[in-house]
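Protein chains get the first letters and strands the later ones, always in sequence-line order, with residue 1 at the start of each. Values below: all heavy atoms of this structure, side chains included; hydrogens, waters and symmetry mates excluded.
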Amino acid sequence: MHVPDGFLDAPTSVATGAVAAIAVGVALRKAKGELDDRTAPLAGLVAAFVFAAQMINFPVGAGTSGHLMGGALAAVLVGPWTAVLCLSTVLLVQGLLMADGGLTALGTNIVLIGLVTTAVGWGVFALLRAVLPKRIGVVAPVAAVAAYLSVPAAALVFTGLFAVGGTAPVENGAVLTAMLGWHLVIGLGEAAVTFVVVGAVVAARPDLVHGARGLRRPSRATAAEEVTA
Amino acid sequence: MGSGHGHRLHYHGHSPLHRAPAHLKLVGLLGFALVVVLTPREWYAVYAGYLAVLLVAVRISRVPPTYLLKRMVVEVPFVVFAVLVPFVATGPRVDVLGLSLSEPGLVAAFGLLAKGTLGVLASLLLAATTEPADLLAGLERLHAPELLVQIMGFMIRYLDVVTGELGRMLVAMRSRGVDPRSPRHWPVLARTLGALFVRSFERGERVHLAMLSRGYTGRMPR
């Protein structure tokens, strides 16, 4: 669910818009380092993939459903800067062509869904990968932990923005409890999907997974690859 | 961009609003949304004025109102939240139909609903009257970063291809007795998504090679 127009007051919306513009600007430069001149077609196709993956709903309970946000997933698969670009593109297209998420709230949505989930997801992923054995088997479970933590992190930042520029007189404590509790549950779905998707891509095309670069592949798998090839 | 990749919201027409340059429509929409967000929520009459302006624009665009109404369902999860606000908000309470509701909460709920609905309706009107290719050209005229516009263009161009591919994968799953919505079958679903990622990425690589072979140097031809 995206933040619509009028949910946060104008100064907060403009401030998050500025943050989002700077983040996308930096990401545009840095993504070229991850994808070189293939950036436009590849980021566009990955954005289309993220959009398609977000269409799949999973039941959360009490008759409601959540869907993948995909920040941590995209960061592990294609690298953090490309992920910021892809998610921002998805949000831009949704806001401009599908009326999903208000235009004045575009910056807020990019900060929450594009920036925070990717930054926290990639941060946790890089940290855990650094301390764990350098084996390709750790990528999927570590990505799942990163995806899990990225969801309540986005909820926390949303609560912070709501406390600063919220337009409804609801106690901040109540918002925090509701948002955090709810997203700790939704995060489980995000983690489960991220775990299996990353695992599937690592098994099929480990060379494509940005987060698996420089990790040792078990010799058994290379032998099996040679047999199938 | 090839033709025949219109998006789901576009409503074909030849009204003045369809013909208006996309960059003007974009600026107009952003200005309208900002003014609506800045308007104090107690100015009820002004909101009626905004709605009237939008309805006149809808009339000019000759997009059937029912077409727009049906597509306003994107707002529903948010309406649920707005309806809950008067129950949980702080402040003095008033009795409405036997329910004890927060007075500032009611005003806030009105503000949320009014601003959100006006924003959604205005965005829908832009989407219904603007072709994606025109929208991208408009963004370029407004000096949006060229690379970002290119990425958006590729996403829009291949959106139906990728979602169509996912749709066929889901049909294949169902025809083999797998229910994509059931948590029991999540591993199958996620492996499908993994395959979809590999296919999308490889398609991107092929598109890039095809572009190179046609002389792509980092800028799109006009």
>> Would A/L73 and B/L193 count as a side-chain contact (heavy atoms from CB on, under 4.5 Å) here? Give the steps.
In response: CA-CA 11 Å; A/L73 175 65; B/L193 282 178; over 6 Å; no

>> For a side-chain contact (heavy atoms from CB on, under 4.5 Å) check, start with the C-alpha distance between B/F201 and A/L45, then their side-chain angles and the critical distance, and finish with the verdict.
In response: CA-CA 6 Å; B/F201 199 92; A/L45 259 302; over 6 Å; no

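Of the two parts of B/L139, only the side chain, counted from C-beta on, holds a non-hydrogen atom closer than 4.5 Å to a non-hydrogen atom of chain A. Residue contact with chain A, scored on non-hydrogen atoms closer than 4.5 Å, involves the backbone and the side chain of B/L34 alike. Only the side chain of A/A192 comes within less than 4.5 Å of a heavy atom in chain B; its backbone stays farther off. Contacts between B/E205 and chain A at a heavy-atom distance below 4.5 Å involve backbone atoms as well as side-chain atoms. Contact annotation for B/L212: only side-chain heavy atoms (C-beta onward) come within less than 4.5 Å of a heavy atom of chain A. Contacts of B/L148 with chain A are made by both backbone and side-chain atoms, with heavy-atom separations under 4.5 Å. Contacts between A/L106 and chain B at a heavy-atom distance below 4.5 Å are absent for every atom of the residue.
Nearest heavy atoms, B/G204 versus A/P41: O-CB, 3.9 Å. Heavy atoms only, all atoms of each residue included: A/A52 and B/V162 are closest at CB-CG1, 4.0 Å. Of all heavy-atom pairs between B/S123 and A/G95, the closest is CB-O, 4.3 Å. Residue B/Y158 comes nearest to A/A48 through the heavy atom pair O-CB, 4.2 Å, listed as atom of the first residue, atom of the second, then distance. Here the closest non-hydrogen pair linking A/V197 and B/A190 is CG2-O, 3.4 Å. Scanning all heavy atoms of the two residues, the minimum distance from A/V93 to B/M152 falls at CG2-CE, 3.9 Å.
The distance from atom CD of B/Q150 to atom OG1 of A/T39, rounded to the nearest 0.5 Å, is 9.5 Å. With rounding to the nearest 0.5 Å, the separation of CG in A/L42 from CZ in B/R203 is 12.5 Å. A distance of 11.0 Å separates CD of B/E146 from CG of A/L28, quoted to the nearest 0.5 Å.
Contacts with chain A were tallied for B/T39, B/L112, B/V207; B/L112 has the most, counting heavy-atom pairs under 4.5 Å. Comparing A/V46, A/L96, A/T194 by how many heavy-atom pairs each has under 4.5 Å with chain B, the most go to A/L96. The candidate with the highest count of non-hydrogen atom pairs below 4.5 Å against chain A, out of B/R199, B/M72, B/R191, B/E165, is B/R191.
A/K32 places a side-chain heavy atom less than 4.5 Å from the side chain of B/L147. Side-chain contact between A/D5 and B/V36: absent, with no pair of heavy atoms (C-beta onward) separated by less than 4.5 Å. A heavy-atom distance below 4.5 Å is not found between the side chains of B/L126 and A/L103.
The stretch residues 77-90 of chain A places A/L77, A/V78, A/L85, A/T89, A/V90 near chain B, each with some heavy atom under 4.5 Å from a heavy atom of that chain.
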